[in-house]
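Input: a single structure, listed below in structure tokens.
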Amino acid sequence: MSKGRITREDALAFHMEPAPGKWEVNSTVPMTTQRDLSLAYSPGVAVPCEEIAERPETAYDYTNKGNLVAVISNGSAVLGLGNIGALASKPVMEGKSVLFKRFADVNSVDIELDTGDPDAFCDAVKLMGPSFGGVNLEDIKAPECFIIEQRLKEEMDIPVFHDDQHGTAVICAAGLMNALHLSGKKIEDVKIVLNGAGAAGIACIELLKSMGARHENCICCDTKGVIYQGRTEGMNQWKSAHAVKTDLRTLEEAMEGADVFLGVSVKGAVTQAMVESMADNPVIFAMANPDPEITPEDAHAVRVDAIVATGRSDYPNQVNNVLGFPYLFRGALDIHARAINDEMKIACAEALAEIAREEVPDEVAIAYGRKLSFGRDYIIPTPFDPRLIHRIPPAVAKAGMETGAARRPIVDMEAYELALKGRMDPTASILRGLNARARAAQATVVFAEGDDPRVLRAAVSYQRNGFGRALVVGRDDDVKEKLEAEGLGDAVRELRVVNAAKTEHLETYKAFLYQRLQRKGVDQQDVHRMAARDRHVFAALMLAHGHADGMVTGATRKSAHVLELINNVFDAAPHDGAVGVTALLSRGRIVLIADTLVHEWPDENDLADIAERGAEVARALGLVPRVAFVSFSTFGYPVSERAEKMHRAPRVLDSRGVDFEYEGEMAVDVALNPKAAEKYPFSRLTGPANVLVVPARHSASISVKLMQEMGGATVIGPILSGVHKPIQICSTVSTVNDILNMAVIAACKID
């Protein structure tokens with residue numbers, strides 16, 4: 001069983017490695033000395049306990065309550081899977097937790113309650129209330145979800161939000177605002193047809209009514225047809241609230257002359273004939289997952305004037321809950337809200353609609369591989385729009401403050417917005433942008449080490465993720481055997497295996513190599529051995545002759561040795577301008593370190609070259625480069641002959657008139673820590689450095705490996721720059737994901 005190009009093996013490996021599950025707990029305070037332990041626990045912990053006992057509101061000051069949400073489910077209505085039970089729903093709830101963290105820096109704990117009894121469920125959640133700043137209910141079947149949410153909202157003094165209901169409603173409302181704007185219609189005038197009177201559907205129609213849609217203009221349908229006054233079959237109190245006086249009895253009848261269709265039902269519920277019968281400029285939100293009530297292609301085939309949205313990412317106008325719930329809770333938590341009310345939800349929807357009408361930032365266009373602009377195919381912002389984090393929470397917070405939901409109003413809203421911008425994780429947007437560029441490039445990348453299972457898995461992932469074509473250097477039988485051992489036997493037909501000894505281009509490659517090396521003590525036999533037997537040289541020859549667009553190697557051999565081999569085909573020596581730049585991604589920050597591969601002991605001119613290359617790589621990754629020449633000394637003290645070249649290197653850049661910020665020499669803390677930098681007001685850097693130029697290759701290697709092992713940083717690189725062909729060299733400890741990232745960088749032609 002697979003969904004798209006993701007196999008069961010992919011999904012299981014993702015959830016198992018590097019550790020089972022999708023999140024872990026990290027301490028935010030030091031826990032190393034006896035004093036730390038005494039402060040964190042007994043006796044020091046008694047002091048905040050006493051404060052909270054006397055003034056309960058201080059729990060938001062002395063504990064993590066103010067940034068902690070519980071994601072709670074009983075697994076009775078898991079999307080696409082149904083009633084699979086509490087335990088089986090845990091991967092979904094863990095996923096929701098990491099979405100909270102990724103998009104809005106909200107800490108979250110998933111809790112699975114093994115009960116179908118609403119009373120037992122409510123009792124359990126209420127008892128846990130003191131621990132959390134909010135509760136996100138998830139995947140609970142109707143009508144129990146209505147009962148549970150209503151009771152908990154009444155009995156708890158923190159926000160309780162059923163995302164399946166209100167998350168969908170908020171994004172739907174935002175999209176509808178813009179769709180009606182484009183259609184020249186007003187919400188109080190339009191005829192709305194809803195199909196699917198479950199939790200999400202009823203929440204959608206209720207929110208739209210609170211925004212001005214008229215009750216008599218809203219026709220709700222379920223599997224029994226129209227919900228009309230007097231109907232008894234399949235009714236409950238929530239459906240009854242939306243029954244209208246009408247002679248209409250079927251969805252087909254209701255769709256005649258409708259301005260808006262909202263679908264949260266099943267695939268194929270809407271026919272082309274129904275769409276044809278709708279009013280001019282119809283709005284169709286076919287939100288059934290995984291397949292919509294009608295596809296955009298089928299709708300547009302009969303109505304070119306239709307504005308269509310779905311729940312899928314492969315169509316324009318995705319109604320995606322991740323646009324709402326992280327930011328709703330961010331705003332609510334930051335005012336210590338008692339609840340998330342309708343006004344806060346409407347404020348979220350209005351902020352989303354407003355963002356979509358504005359010019360789209362370049363980084364969003366890069367990430368999606370196309371220019372987006374407000375119109376029929378772009379009425380809802382994309383989930384990765386960097387404006388969401390600092391635009392939606394303030395709107396939600398303001399609405400909460402104005403309606404009395406706030407315990408602690410925000411006094412300086414401008415400072416709050418700046419603080420929200422600081423919560424953004426640039427690493428995620430950078431990797432996402434690279435992936436989008438790779439998909440657009442559709443490059444053929446040769447993986448030189450086809451005898452390594454990690455490389456083979458990465459090559460398969462490269463193709464299955466739609467980045468382009470993967471070539472692996474190896475022997476057919478060996479590749480097949482290793483793929484089967486990895487549970488990827490079906491991938492044998494997908495990958496093209498290239499055997500160096502059997503290629504039709506071998507003589508051409510050998511002639512090229514002999515021409516390059518004949519005056520370097522290399523004879524014909526040496527050339528044959530290199531071209532036919534060394535996979536690194538062979539892959540480089542493929543690249544040199546245009547038989548691949550990029551190359552990935554280094555997973556099985558030391559990078560310095562691999563670079564020597566590549567030098568036989570390309571000019572990648574220090575005097576050729578080659579530089580290795582390694583990206584470190586840690587705790588929402590990205591720092592590039594150069595040179596980590598080529599220059600053993602660069603002089604000031606080499607260091608200036610490295611700085612320029614580092615700045616180019618930073619720009620290619622979507623960063624505004626700020627370069628620091630780092631040393632153990634800062635601006636001349638302590639005096640050392642070893643630091644002198646780092647002092648002179650910026651002067652070399654002065655003479656070159658480069659167009660990026662640079663400064664040095666300086667210690668690493670001065671380069672990266674704004675508080676440490678305050679001691680040097682004359683520094684030319686306007687913010688923390690993101691490119692560190694180090695004195696020598698050994699110091700670069702030590703820095704990278706220390707950050708990787710002790711700091712838990714994700715390492716990408718070294719990114720080989722200045723070779724004029726995309727060659728990326730992994731480390732021997734690279735994971736499958738590391739190798740895939742290097743292939744993506746090669747495909748993006750960051751060289």
Side-chain angles (χ1 to χ4, degrees), residues 438 443-463 467-475 478-479 482 495-501 503 505 509 513 529-573 576 578-583 595-598 701 704 715-751:
T444 298
V445 172
V446 56
F447 294 76
E449 297 150 310
D451 60 338
D452 188 286
R454 295 169 298 160
V455 174
L456 291 176
R457 290 188 70 91
V460 172
S461 293
Y462 180 82
Q463 282 202 168
F467 295 129
R469 188 181 185 194
L471 308 177
V472 294
V473 178
R475 292 179 292 106
D478 184 53
V479 169
K482 286 185 167 63
L495 291 181
R496 182 188 165 198
V497 181
V498 185
N499 189 326
T503 178
H505 302 294
Y509 292 171
L513 202 56
R529 276 194 295 270
M530 281 192 283
R533 298 180 188 173
D534 191 287
R535 54 201 168 182
H536 310 283
V537 174
F538 176 75
L541 286 165
M542 289 182 67
L543 185 61
H545 286 79
H547 298 143
D549 302 310
M551 170 181 167
V552 176
T553 186
T556 63
R557 302 288 290 273
K558 299 289 186 183
S559 57
H561 180 63
V562 171
L563 189 62
E564 288 177 14
L565 294 169
I566 290 171
N567 254 310
N568 291 310
V569 182
F570 293 101
D571 297 326
D576 297 316
V579 170
V581 181
T582 296
D595 172 19
T596 56
L597 183 63
V598 181
S701 176
V704 169
V715 175
I716 299 178
I719 299 167
L720 186 58
S721 176
V723 183
H724 311 301
K725 282 284 187 177
I727 302 172
Q728 301 307 336
I729 303 175
C730 306
S731 72
T732 54
V733 296
S734 293
T735 65
V736 173
N737 207 48
D738 295 333
I739 299 167
L740 178 60
N741 284 337
M742 296 305 286
V744 166
I745 288 172
C748 293
K749 297 181 171 58
I750 297 178
D751 59 356

Review point. Is it true that a side-chain atom of Thr503 and a backbone atom of Ala500 form a donor plus acceptor pair closer than 3.5 Å?
Key: no

Output all residues satisfying side-chain hydrogen bond (donor to acceptor under 3.5 Å, both in side chains) with [X], sequence neighbours left out; order by chain, then residue number.
{"X": "Asp534", "result": "none"}
{"X": "Ser559", "result": "none"}
{"X": "His561", "result": "Arg557"}

Approximate separation, where rounding is to 0.5 Å, of [X] [atom1] and [Y] [atom2]:
{"X": "Glu449", "Y": "Thr556", "atom1": "CD", "atom2": "OG1", "answer": "3.5 Å"}
{"X": "Ser721", "Y": "Asp595", "atom1": "OG", "atom2": "CG", "answer": "9.5 Å"}
{"X": "Ser461", "Y": "Leu456", "atom1": "OG", "atom2": "CG", "answer": "11.0 Å"}
{"X": "Leu471", "Y": "Gln463", "atom1": "CG", "atom2": "CD", "answer": "8.0 Å"}
{"X": "Met742", "Y": "Ile729", "atom1": "CE", "atom2": "CD1", "answer": "8.0 Å"}
{"X": "Ile716", "Y": "Thr582", "atom1": "CD1", "atom2": "OG1", "answer": "10.0 Å"}

**Asked** What do the steps show when you test Val446 against Val498 for side chain to side chain contact (heavy atoms under 4.5 Å, CB included), and what is the final call?
**Response** CA-CA 9 Å; Val446 56; Val498 185; 5.9 Å; no

Residues passing the salt bridge (charged side-chain N to carboxylate O under 4.0 Å, His left out) test with Asp452, sequence neighbours excluded, are Arg454

Sorted by chain and number, sequence neighbours left out, salt bridge (charged side-chain N to carboxylate O under 4.0 Å, His left out) with Arg533 holds for none

Ignoring hydrogens, what is the shortest heavy-atom contact between [X] and [Y]? Give both atom names and the distance.
{"X": "Gly580", "Y": "Leu597", "answer": "CA-CB, 3.8 Å"}
{"X": "Phe447", "Y": "Ala470", "answer": "CE1-CB, 3.7 Å"}
{"X": "Ala743", "Y": "Val445", "answer": "O-CG2, 4.0 Å"}
{"X": "Ala555", "Y": "Cys730", "answer": "N-CB, 4.2 Å"}

Residues 560-572 vs salt bridge (charged side-chain N to carboxylate O under 4.0 Å, His left out), sequence neighbours excluded, gives Arg516-Asp571

Residues 535-545 vs salt bridge (charged side-chain N to carboxylate O under 4.0 Å, His left out), sequence neighbours excluded, gives Asp451-Arg535

Non-hydrogen side-chain atoms of [X] and [Y] separated by less than 4.5 Å:
{"X": "Leu563", "Y": "Leu720", "value": "yes"}
{"X": "Val473", "Y": "Thr553", "value": "no"}
{"X": "Leu740", "Y": "Phe467", "value": "yes"}
{"X": "Leu495", "Y": "Val460", "value": "yes"}

Those residues at least two apart in sequence (or on a different chain) that pass side chain to side chain contact (heavy atoms under 4.5 Å, CB included) with Val497 are Val472, Asp476, Val479

Which atom pairs, one a donor and one an acceptor, fall under 3.5 Å between side chains of residues 538-551 and the rest of the protein, sequence neighbours left out?
residue : atom : partner : partner atom : Å
His545  : ND1  : Leu541  : O            : 2.9
His547  : ND1  : Tyr509  : OH           : 2.6
Asp549  : OD2  : Thr444  : N            : 2.7

